[in-house]
Asker: 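Below is a structure I'd like to ask you about.
Source: prediction; values computed, not measured. Just so we're on the same page: letters track the sequence lines, and every chain starts at 1.
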Number of protein chains: 2
Amino acid sequence: MRSEVILIVDDEFRIRKLLRAYLQKAGYRVEEAADGEAALQCIGKDISLVILDVMLPKLDGWAVCREIRRRHDMPIIMLTARADEADEIHGLDIGADEYVTKPFRPQALVARVKALIRRVKPVSTGLLNFGNLLVNDRAHEVWLENGLIDLSPKEYDLLLYLARNTGIALTREQILNEVWGYDYFGDLRTVDTHITRLRLKLGGECKYIQTVRGLGYRFEGPP
Amino acid sequence: MRSEVILIVDDEFRIRKLLRAYLQKAGYRVEEAADGEAALQCIGKDISLVILDVMLPKLDGWAVCREIRRRHDMPIIMLTARADEADEIHGLDIGADEYVTKPFRPQALVARVKALIRRVKPVSTGLLNFGNLLVNDRAHEVWLENGLIDLSPKEYDLLLYLARNTGIALTREQILNEVWGYDYFGDLRTVDTHITRLRLKLGGECKYIQTVRGLGYRFEGPP
DNA sequence: TATTAATGTTACAACTCTGTTACAAAGGTT
DNA sequence: AACCTTTGTAACAGAGTTGTAACATTAATA
């Protein structure tokens, strides 16, 4: 069993069933979504590649593709009903990696999935995903509950450092050294203030940033 | 498949074959060496544990063991042909972790391999495991019976110091020096108070922290 | 058993640590 | 220049922590 999860987005049950069968035979795990909104809700999960039909209820494939692209660097294969529709999409340059025209041979689709996964895998995505929190360092963006949040430069650097050391208790000194730089000699309590501001922006209870009394702070992903 | 690699050093092909079969069945990967020099050349590779015969061509097992010890902190199980040879080695205190006398039951050897791997592995990860008690120093967390317990900074430092010196009787002075710092000059009985508080949080009988009357305290793992 | 020494336990006041807010300086933008 | 955002420090309150002393209990010794 491979570790990659493929998300199939199609409103036709028979198509999903067909694709699931072929992909699972090839060793992939499969998630399904029947409409555009369901698809976007799956993106928070650990998905490696998306197969996306253009014709979808609620939110069409183009919109879903754009939305995914804004937040993730994830391979997308779009399924189009007719060849001329595919051309149109090419022209729009939505950002999908492949376009496949229905009807298609499942084996051919699986081959493209393999190729895309192989190509993408070695690349470090620069994405840190924690439940409803996403730190996209490539884009320098932080998403919370599917909404972009606005952080000051220091807040961003601090969050990035914490998130990159998930589960590790860090002293104020470590944090100051890594985020402010080794040549910075300021008050240790400065860290506290920034932690407070970060917690505020990360919302209510903020389960992510834990206090380690007598030591410093620790970032925790979801359980 | 486990990730640990076991190195078997023995000049008898049949012994290597036998051990390989049992260890692979237990999920370990196996490397082989037929003489002492070949053994030392394998040490550069990512080996987790060595099973080492005493009688070897080119460089005998004792020399190999010493050489490994000079460079690595790696579990070593020595195989000796007769019991009296084993005694001799015990006396020499070469530094092996276990001595097994031929002929041996392969299952017993595999059990020792498992035990040693389990014991050594957490050290590198900052984890101290004692039955139902786990001290995770990276996260600065203490788990008891699968539940997180809340310790004050001093309690944590004290527990960590004790746990890192499992089985060793420590005087109040030693504890004060190591946990409170060499520049601290307070009442020795302060240690007692903190021990009490720790025992309370570690639950009822608290078999972990033993009193050594007239001396101090000793941390004990499970039997 | 009586005595003594050592350890366990509890209470509490002093202290430390953290969250928070306020504020002024610094830096950038219009 | 006026404005806004960001940033570091200081101050304060409240919660949590800590060391000591006093008393209780246990173990060793005579």
Asker: Measuring from atom CZ of A:Phe130 to atom CG of A:Leu144, what distance do you get when rounded to the nearest 0.5 angstrom?
Answerer: 12.5 Å

Asker: Please table the atom pairs, donor to acceptor, closer than 3.5 Å between any side-chain atom in residues 160-170 of chain B and protein atoms at least two apart or in another chain.
Answerer:
{"from": "B:Arg164", "atom 1": "NH2", "to": "B:Asp137", "atom 2": "OD2", "distance (Å)": "3.2"}
{"from": "B:Asn165", "atom 1": "ND2", "to": "B:Tyr161", "atom 2": "O", "distance (Å)": "2.8"}
{"from": "B:Thr166", "atom 1": "OG1", "to": "B:Ala163", "atom 2": "O", "distance (Å)": "2.6"}

Asker: Got a sec? Which of residues 150-163 of chain A come in under 4.0 Å of DNA chain D, heavy atoms?
Answerer: A:Ser152, A:Pro153, A:Lys154

Asker: Please work out whether the ring planes of A:His194 and A:Trp180 are parallel, tilted or perpendicular, with thresholds of 30° and 60°.
Answerer: perpendicular

Asker: To the nearest 0.5 Å, what is the distance between CD1 on A:Ile68 and CG on A:Leu52?
Answerer: 6.0 Å

Asker: Whole-Å distance between C:dT18 P and A:Leu198 CG?
Answerer: 17 Å

Asker: State which residues pass salt bridge (charged side-chain N to carboxylate O under 4.0 Å, His left out) with B:Glu220; sequence neighbours excluded, sorted by chain then number.
Answerer: B:Arg218

Asker: Measure from CG on A:Leu200 to P on D:dT6 and round the result to the nearest Å.
Answerer: 13 Å

Asker: Quick check against the 3.5 Å criterion: does B:Glu67 have a side-chain atom that pairs as donor or acceptor with the backbone of B:Val64?
Answerer: no

Asker: Is there a donor-acceptor contact under 3.5 Å from the side chain of B:Glu178 to the main chain of B:Ile175?
Answerer: no

Asker: Which residues pass the salt bridge (charged side-chain N to carboxylate O under 4.0 Å, His left out) test with B:Glu173, not counting sequence neighbours?
Answerer: none

Asker: Between CG of B:Leu128 and CZ of B:Phe219, what distance do you get to the nearest 0.5 Å?
Answerer: 8.0 Å

Asker: Judged by atom type as modelled, is there a donor-acceptor pair below 3.5 Å linking the side chain of A:Lys201 to the main-chain atoms of A:Leu151?
Answerer: no

Asker: If I take atom CD in residue B:Gln210 and atom C1' in nucleotide C:dT7, what distance separates them, rounded to the nearest angstrom?
Answerer: 14 Å

Asker: Once each nucleotide of nucleotides 20-30 of chain D is scored for protein heavy atoms under 4.0 Å, what B/S/- sequence comes out, 5' to 3'?
Answerer: BB-----BS--

Asker: Whole angstrom is fine here: how far is it from CH2 in A:Trp180 over to C1' in D:dG8?
Answerer: 9 Å

Asker: Starting from C1' on C:dG8, measure out to CZ on B:Arg199 and report it in whole angstrom.
Answerer: 8 Å

Asker: With a non-hydrogen cut-off below 4.0 angstrom, is B:Leu176 in contact with a base, only sugar-phosphate, or nothing?
Answerer: nothing

Asker: Applying salt bridge (charged side-chain N to carboxylate O under 4.0 Å, His left out) to B:Lys154 and B:Asp157, what does each step give before you reach the verdict?
Answerer: CA-CA 5 Å; B:Lys154 268 284 177 295; B:Asp157 291 347; 5.0 Å; no

Asker: Does a side-chain N or O from B:Thr196 land closer than 4.0 Å to OP1 or OP2 of C:dT10, or not?
Answerer: no

Asker: Nearest whole Å is fine: how far is D:dG8 C1' from A:Ile195 CD1?
Answerer: 15 Å

Asker: Once you build an axis from the first five pairs and another from the last five of the helix from C:dT1-D:dA30 to C:dT30-D:dA1, how far apart in angle are they, to 10 degrees?
Answerer: 30°

Asker: Rounding to a whole Å, what distance do you find between B:Asp192:CG and C:dT9:C1'?
Answerer: 10 Å

Asker: Counting only side-chain N and O atoms of A:Tyr217, is one of them less than 4.0 Å from OP1 or OP2 of C:dG19?
Answerer: yes

